[in-house]
Amino acid sequence: MTIVVRVDAQLHSALVDADRRKTLEQTTRWDPGEAESRLFSAWLEGGYFHPPAEGTAAENYSIAIPPPNVTGELHMGHALNGAIQDALIRINRMRGRNTLWVLGTDHAGIATQAVVERELRKQGTSRHKLGRNAFVERVWEWRQKYGSRIVEQYQRLGASCDYERERFTLDDGYHRAVIEVFVALHEKGLIYRDNYMVNWDPGSRSAISELEVESREVTDVLYEIDYPVEGSDEVITVATVRPETMLADTAVAVSPDDDRHRRLVGRHCILPLVGRRLEIIADPHVDPEFGSGALKVTPGHAIEDFEIGRRHGLEEVTVIGEDGRMNAAAGERFDGLTVDEAREAVVAALREEGRIRGEQKLTHAVPYSHRSGERIEPLISLQWFCRMDELAAPAIDVVERDEVRIVPDNYKRVYLEWMRNIRPWCISRQLWWGHRLPVWYCDACEETYVTAEPPERCGACDGPLRQDPDVLDTWFSSALWPFATLGWPDRDAPLLSAFYPTDVLLTARDILFLWVARMVMMGIEFVGEIPFDDVYVHSVIQAPDGRRMSKSLGTGIDPLEEVERYGADALRFGLLAMSSTQDVRYSSAKVQQGRDLANKVWNASRLVLLNVGEVEPAPSPARVEDRWILSRLQRAIEAVGGGIDRYDFAHAALDLYSFFWSELCDWYLEIVKPRLYDGEREAAATLLWVLEQTLALAHPLIPFVTEEVYDYLRDAAPGDRPEMLVVHPYPEVDETLIDPEAEAEIERSIELTRSLRRWRDLVGVPPRSLLPVRIVAAEPPHELVSRLARLDLDGSSDETLATIGPVEIVGSAEVDPDQARRRIAERREALHAEVARAEGKLSNEGFVAKAPQDVVDAEREKLDRYRAELEELG
RNA sequence: GGGCGCGUAGCUCAGUGGGAGAGCGCUCGCUUCACACGCGAGAGGUCGCUGGUUCGAAACCAGCCGCGCCCACCA
């Protein structure tokens with residue numbers, strides 16, 4: 001029996017500062033609240049997050065953060081995205097690479113303008129009352145006041161961004177980049193102005209791009225309307241869910257393959273209410289199976305109809321204005337009505353004329369504005385577009401060749417599919433907040449200037465110039481993010497040569513096209529190099545019930561409240577542990593697991609630091625258990641560090657947890673405690689070494705608690721080491737410390753201990769009492785077995801109750817013989833089943849002949865073992 | 001309509017060709033001097049269904065059922 005001799009720890013530890021020792025002794029719970037802000041400030045002051053602009057991009061490591069909206073609040077998606085990036089940034093910084101995490105925010109045109117406009121409304125004013133300059137001024141003020149809140153929120157997470165180089169997609173340098181790109185693409189002929197069908201968002205009163213449109217399932221009434229055919233009693237019936245648009249009809253189309261209508265092609269019908277003559281045309285777009293097989297063509301108000309119209313040279317009539325109301329072209333009866341009012345009025349009018357043949361419900365996909373949530377109104381308008389095919393070609397190449405590697409690779413196909421079918425991008429927005437187009441018009445002679453620096457007056461007629469009022473789509477500037485933040489358009493910018501291309505881009509899948517694809521195109525076009533080597537597409541975090549996390553649904557969970565409750569380490573750990581490439585439901589259980597781990601790290605470290613003497617941490621494998629833990633540590637280094645490198649964060653986090661908790665705490669600490677209390681130097685050296693390595697290993701995932709403990713470890717252990725863990729070398733696998741024999745031996749001892757504990761528990765031996773046993777093997781089991789299973793090796797009774805491996809349990813007063821017999825019977829039954837299973841397998845000729853030799857051997861070994869144990873049990 | 005993904009313990013999820021795993025929850029027992037955010041032990045699963053491939057399938061293939069997402073111009 002081992003007797004634990006407890007020497008007063010104070011004599012041993014090198015932790016000399018009495019106050020700090022006291023803190024360590026008395027703080028039995030890790031309290032993140034105070035420590036996190038203090039540690040974060042220390043990192044900032046140490047300048048660890050602010051790398052010099054030195055070296056090459058190949059040597060250095062960099063990530064550009066997906067810039068959150070200035071209006072934004074940190075949500076779970078940001079928190080996961082940030083936890084992942086910080087893990088990568090920290091592991092690479094610890095590996096000694098010059099590491100930059102570019103931070104910044106996005107001006108988010110529509111969203112920000114909407115927020116400030118809402119505020120103005122509350123104050124009883126509006127942007128129109130203020131005027132453009134004053135309004136833009138107000139938005140800047142707003143941004144100054146509230147805009148950087150999200151940056152502070154990233155700090156709460158522990159994100160090690162370079163806060164001294166924060167950028168904004170509307171700052172001066174960035175603006176220069178945007179203007180240069182616009183002018184260059186215009187000169188190349190890729191940017192042009194055109195009258196074209198756009199997705200008009202009545203909510204923001206602006207055109208938006210197709211990617212900002214989301215479709216929703218809506219049930220509408222499908223009206224069937226009779227249009228009389230000119231010069232006959234016949235009618236041709238068309239179907240529509242938007243009867244009000246009939247006022248802008250300029251043709252009726254049928255399928256060229258439709259026998260029913262063929263004879264009408266080329267004739268005309270009369271548009272009810274309006275009286276316009278509409279030609280009946282044949283167009284392959286029309287599905288003869290749908291409705292009556294005839295389609296009313298409204299080139300002014302439907303995308304498909306617009307295309308049919310262009311094919312046939314139809315007139316384009318516009319009856320709905322940009323304000324979402326009917327205009328004069330709709331006729332006196334309808335002018336000024338909202339679209340909904342007009343629909344009712346038109347239906348009523350048609351009904352009166354007996355033109356409505358039928359109505360039925362129709363559920364179909366309808367476009368809505370992603371931002372304002374209003375139904376999209378397709379309108380023809382004069383906008384600026386960017387032709388994408390030419391830019392897309394090289395961006396397709398680099399992904400096909402895996403120069404830009406998209407992980408997981410099923411998104412590679414999605415990306416390529418989209419890029420190969422890319423359409424022109426409508427880049428102008430009718431907003432005030434954003435990059436104003438570098439375009440000037442001369443109203444006198446219709447001259448247009450596209451340039452960064454316009455002349456004072458028109459060069460042709462000396463007339464005054466007027467700048468285009470529109471601003472650019474927010475994503476136009478976001479597309480330049482990886483290089484515009486590094487100093488471009490200054491080609492010699494030191495940051496650019498040190499950190500471009502960046503190493504990886506982390507994102508959820510929702511902005512793959514909106515943002516990622518466009519960065520690839522712009523990076524190649526303007527810097528001549530891809531913007532990042534890897535794109536890792538991570539989870540979307542859903543609410544615990546599987547719905548979207550959203551404020552308006554009331555399903556959102558505030559990451560900062562979780563930080564408040566459990567600590568930043570806990571939230572980071574939890575998010576990483578639940579992350580994958582799939583959508584995952586948020587689980588606060590995982591966050592609690594993270595909190596528990598942080599607490600465990602703190603307490604296990606207290607045990608070590610308060611009980612080691614003044615020894616230098618070093619692997620000193622005096623005994624098999626030391627060789628075991630050192631070997632297991634190497635496996636953990638592979639699993640955790642390798643996991644982060646492979647973007648497999650969930651396994652990295654959970655493998656760290658199980659190494660730390662199960663192997664280091666549950667077993668190794670329990671095994672070495674007596675040696676530690678005895679003041680054995682080898683044990684202390686190994687323990688300190690393992691602790692230091694493990695702190696470093698865990699730091700990218702749970703930076704705060706590890707940094708705090710490291711600070712105590714620096715005090716306690718002699719030797720030169722970095723001031724802070726944030727720049728401590730990251731552990732690398734040391735092959736010479738991998739020791740399969742030691743692993744197997746301790747593994748056996750652990751199994752044996754478990755068997756004996758199980759026996760004790762099921763047979764009713766009280767936890768406190770020792771179990772009398774005899775050792776029946778030549779080699780006695782490891783000391784840990786008798787101590788941790790609480791055995792009395794001097795068992796003297798003659799009666800043997802059971803044999804468990806090399807241990808024979810002998811009779812004693814505390815063992816209930818009935819329970820013991822039942823246990824043995826159960827065990828025997830289990831063994832019989834195992835033997836039968838193994839025998840069955842081995843008597844299968846196919847198995848023996850075709851299965852790999854080592855599988856067959858392993859099966860034989862198992863069978864032997866089961867038979868032997870069965871024999872022991874009698 | 002096209003594409004992608006998911007269905008494994010009560011819950012959230014790992015596991016992708018050789019005896020079903022984790023965390024939480026649950027049951028029993030422990031104030032064992034690092035930690036009750038703890039320690040020890042335990043119960044709980046025809047791995048959605050049906051076929052197929054294989055000596056062997058939770059995993060590979062096909063079909064079906066259920067759920068989710070993305071893309072798409074049937075009004």
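Letters go in sequence order (proteins before strands), and every chain restarts at 1.
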Would you say A/K600 reaches B/A36's phosphate, i.e. side-chain N/O to OP1/OP2 under 4.0 Å?
-> no
Within less than 4.0 Å of OP1 or OP2 of B/A41, is there a side-chain N or O belonging to A/R758?
-> no
Provide the Watson-Crick or G-U wobble partner of B/C11, both distances under 3.5 Å; none if there is no partner.
-> B/G23
Is there a side-chain polar atom (N or O) of A/W602 under 4.0 Å from OP1 or OP2 of B/G38?
-> no
With sequence neighbours left out, what residues match A/D226 under salt bridge (charged side-chain N to carboxylate O under 4.0 Å, His left out)?
-> A/R357
Sequence neighbours excluded, which residues qualify as side chain to side chain donor-acceptor pair (under 3.5 Å) partners of A/T28?
-> none
Of A/T28 and A/S580, the one whose nearest nucleotide on RNA chain B sits closer to the 5' end is A/S580
Check every strand shown and say whether A/R606 touches a base, only sugar-phosphate, or nothing at a heavy-atom separation below 4.0 Å.
-> sugar-phosphate
What residues, two or more places apart in sequence or in another chain, satisfy ring-ring contact (aromatic ring centres under 6.0 Å, His included) together with A/Y657?
-> A/W661
Contact letters for nucleotides 21-31 of chain B, in which S counts primed atoms plus P, OP1 and OP2 and B counts the base, heavy atoms under 4.0 Å | --S-----S--
Would you mind classifying the nucleic acid contact of A/D666 as base, sugar-phosphate or nothing, using non-hydrogen atoms under 4.0 angstrom?
-> sugar-phosphate
Measure all distances between protein nitrogen or oxygen atoms and nitrogen or oxygen atoms of nucleotides 72-75 of chain B, and list the pairs falling under 3.5 Å.
{"from": "B/C73", "atom 1": "O2", "to": "A/H285", "atom 2": "NE2", "distance (Å)": "2.4"}
{"from": "B/C74", "atom 1": "O2", "to": "A/D287", "atom 2": "OD2", "distance (Å)": "2.2"}
{"from": "B/C74", "atom 1": "N3", "to": "A/D287", "atom 2": "OD2", "distance (Å)": "2.8"}
{"from": "B/A75", "atom 1": "O2'", "to": "A/A239", "atom 2": "O", "distance (Å)": "2.9"}
{"from": "B/A75", "atom 1": "N6", "to": "A/D287", "atom 2": "O", "distance (Å)": "2.9"}
{"from": "B/A75", "atom 1": "N6", "to": "A/F290", "atom 2": "O", "distance (Å)": "2.9"}
{"from": "B/A75", "atom 1": "N1", "to": "A/D287", "atom 2": "N", "distance (Å)": "3.4"}

Just by protein heavy atoms under 4.0 Å, how would nucleotides 55-60 of chain B read 5' to 3' in B, S and -?
-> B-----
